[in-house]
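Reviewing the structure listed below.
Atoms considered below: every heavy atom in the structure, side chains included; atoms not considered: hydrogens, waters and symmetry mates. So you know, we letter chains A, B, ... as the sequences are listed, proteins then strands, and number each from 1. This structure is a prediction, so every number in the text was calculated from the model and none was measured.
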There are 2 protein chains.
Amino acid sequence: MAEKRTPARRPTMKDVARRAGVSESAVSFALNGRPGVSETTRARVQRVAEQLGWRPSTAARALSGEGAATVGFVLARPAHSLGVDSFFLQLVSGIQEVLAERHLGLLFQMAEDVADECAVYRRWWAEHRVDGVLVVDPRADDPRPGLLDELGLPAVVIGGAPDDRHPGLSTVWADDAAAMASVVDELTGLGHRRIVHIAGLPGLAHTQRRIRTLRAEAGRRGLGEVHSVTTDYSDAEGAAVTRRVLRASPSPTALIYDNDVMAVAGVAAAAELGYAVPDDVSVVSWEDSALCRMVKPWLSALSRDSTAFGRTAARELTALLDGGAARAVRVPVPRLTVRGSTAPARA
Amino acid sequence: MAEKRTPARRPTMKDVARRAGVSESAVSFALNGRPGVSETTRARVQRVAEQLGWRPSTAARALSGEGAATVGFVLARPAHSLGVDSFFLQLVSGIQEVLAERHLGLLFQMAEDVADECAVYRRWWAEHRVDGVLVVDPRADDPRPGLLDELGLPAVVIGGAPDDRHPGLSTVWADDAAAMASVVDELTGLGHRRIVHIAGLPGLAHTQRRIRTLRAEAGRRGLGEVHSVTTDYSDAEGAAVTRRVLRASPSPTALIYDNDVMAVAGVAAAAELGYAVPDDVSVVSWEDSALCRMVKPWLSALSRDSTAFGRTAARELTALLDGGAARAVRVPVPRLTVRGSTAPARA
DNA sequence: CGCTCACTCTAAAGCGCATTAGTGATCGGC
DNA sequence: GCCGATCACTAATGCGCTTTAGAGTGAGCG
């Protein structure tokens, strides 16, 4: 850490104390709203601190037991599969909004897989780096909640159904089942009976929830030829799977894609095979973004407010950090925005 | 920070010292590779530390002058304009790769604008939160380098041309001018003479560099009807500008878009106006991503390795943190990948 | 055999803050 | 007009680590 020139020195509480003519303790009381100083002194100290541009050293604060004023966020997805993902940036943007208000930092890290992610949590915990974490992409049989519970690290799971085995963790989630039901409603209403669901990563909890719901809904309606295929969310697999299922016989008349990227890639792949959307095959994207309005026809899609989702998650985490109890918060069910990619099934 | 149950306690150096039967100082020497302990003791201490799962508290480290082991990254763009951006995630992914190796954290924050971003730097500096920062989206007349210089905060500017007014900062950049020249070469080679450049945010340094270069190249070749229009990078503006310029008379025969999102939106807008790509108008995207292969025809695009870009930037920053001198590093010029969206100009 | 030097290790101080205990001064109550 | 209580403030301690000064030990040497 060589610092060649002598840069401006950071003012410390001692500087404020000297300048205000009081002890350091008085400064601490004054600036943290604690009793022990008169209001006039408090005001003076605050003024001096402001003049000097004083800000508490997070290191010192953390060391004296106040926590690191930072929350962690790990993304365990291969970078390439995040190519043109819109969800995470929106999510993080919402998270930021809430954290910034409270001057909480966001420590971000990418990981190889869940095991690696767990290692990151352990390290953060041992290094005293974060006060809590936001967990995304919950999985079936997920080791993370247990670990975080064990470490006593406050956490909010984003996008998972509530799990009563870990009462310490909060959950923020949308009801995928209801959303899937609404999509199936729409498609069967249009006369579709052969539906294929091009799902996302097989290990994710919400992927499995969607698959289960689809099967249940299909069963309830007596639809036989309905199934799901899992992918890695990439445009490449989206296109490949689309080609495969459309070549089957009889081919499906409707496709549900678990994200926008695959949906768009799928439409292109379908076109190559001579399938027109929506005349030959209807398409629904489980994620609405600019992408869905960049192809012809515009894609019918499940819309949700990812930024609000992030805000909610961050608020839950701050509540936990403030000593609140863990809870499960449900955000609005994504609503199907019908555009040009869905039409009545061919007779 | 209420912690209901008593979670596992973080082991400290004192624990290691006791367990290894030495003093805390000895532990410090042993674990930091400093002289002052015998090799046998060092090995024993290391073993004990490992057994206990000891990790240094970053707070304590930072407090005793070692720096925060964290670098900062601020993104000052409205979230909506980042809708389906692929560049930043790739960049961050590359940055992470390098930082993770050295156990450096990445503190991420979004800001409203550059002024807000400066405030974030000031706060980070005063709070002792970061050892250095990575600056993106350099602007013409940018206040950030000056501020960072003043604060003595090591920084790497990503994507800006070297600026000798701030010798303390490193720069990692690609030669936009050369890339632009290659695009103009390609297009004029195909017979295009009326070219419009749908540029990005007007304030950005590289936007201005590209605009200047285009004008210069056009002048050198005697092309009259060549100009640039700035946008906010969004698909909406990309489409709007495309409509506007194609309605002009005579309309351009080639369009250069400063990112993939606008290029794709532009192609769609052109199609609506009855312009076929590439027969009626050629299109080049200044950013290659899955998006460019999700439309028909596939888009000719300038490809670069954004992940490698991030890696290089992060490496420069770590070099700076290690006391290295600031330098300007040039990454490879983006290469034009010719696909289906460019064709000879109509006669 | 005493002396120095090199080596291994310990003691203690300090980083910036929060906090607890403690010290005067002021005040109300009798 | 004295006493205990209250208030405004200070001194001192600790958080976990790094670092400087210093102590103890044994080897090498004259």
Query raised in the report: Among residues 35-49 of chain B, which contact DNA chain C at a heavy-atom distance under 4.0 Å?
Result: B/Gly36, B/Val37, B/Ser38, B/Thr41
**Report entry** Distance (rounded to the nearest 0.5 Å) between A/Asp164 CG and A/Leu169 CG
**Finding:** 11.5 Å
Query raised in the report: Can you check whether B/Val48's main-chain N or O pairs, donor with acceptor, with B/Arg19's side chain at less than 3.5 Å?
Result: no
Query raised in the report: Salt-bridged, A/Arg47 to A/Glu50, with N to O below 4.0 Å?
Result: no
Report task. Ignoring hydrogens and angles, tell me if any N or O in the side chain of B/Arg44 forms a donor-acceptor pair with the backbone of B/Ala20 under 3.5 Å. Result -> yes
**Report entry** B/S/- contact track for nucleotides 16-25 of chain D, protein heavy atom under 4.0 Å
**Finding:** BBBBB-----
Report task. Evaluate side-chain hydrogen bond (donor to acceptor under 3.5 Å, both in side chains) for A/Thr58 paired with B/Glu127, printing each intermediate quantity in order. Result -> CA-CA 5 Å; A/Thr58 47; B/Glu127 292 179 353; 5.3 Å; no
Requested in this report: Only counting residues at least two apart or in another chain, list the ones meeting side-chain hydrogen bond (donor to acceptor under 3.5 Å, both in side chains) with B/Arg327.
Outcome: B/Glu316
Report task. Find the distance between CD (B/Glu97) and CZ (B/Arg315) and round it off to the nearest 0.5 Å. Result -> 8.5 Å
Query raised in the report: Quick one: does A/Asn32's side chain have a donor or acceptor within less than 3.5 Å of a partner on A/Arg34's backbone?
Result: no
Report summary line: Angle separating the five-pair end axes of the helix from C/dC1-D/dG30 to C/dG29-D/dC2, nearest 10°, is 60°
Query raised in the report: With a 4.0 Å cut-off, would you call B/Asp149 and B/Arg144 a salt bridge?
Result: no
Requested in this report: Could you grab the distance from atom CD1 of A/Ile158 to atom OG1 of A/Thr312, nearest 0.5 Å is fine?
Outcome: 9.5 Å
Distance-only criterion, 3.5 Å: show the donor-acceptor pairs between side-chain atoms of residues 103-112 of chain A and protein atoms not counting sequence neighbours.
{"from": "A/His103", "atom 1": "ND1", "to": "A/Arg55", "atom 2": "NH1", "distance (Å)": "3.1"}

**Report entry** Donor-acceptor pair, side chain of A/Ser64 and main chain of A/Ala60, under 3.5 angstrom
**Finding:** yes
**Report entry** Heavy-atom contact window of chain B on DNA chain C, given 5' to 3' at under 4.0 Å
**Finding:** C/dT8 to C/dG16
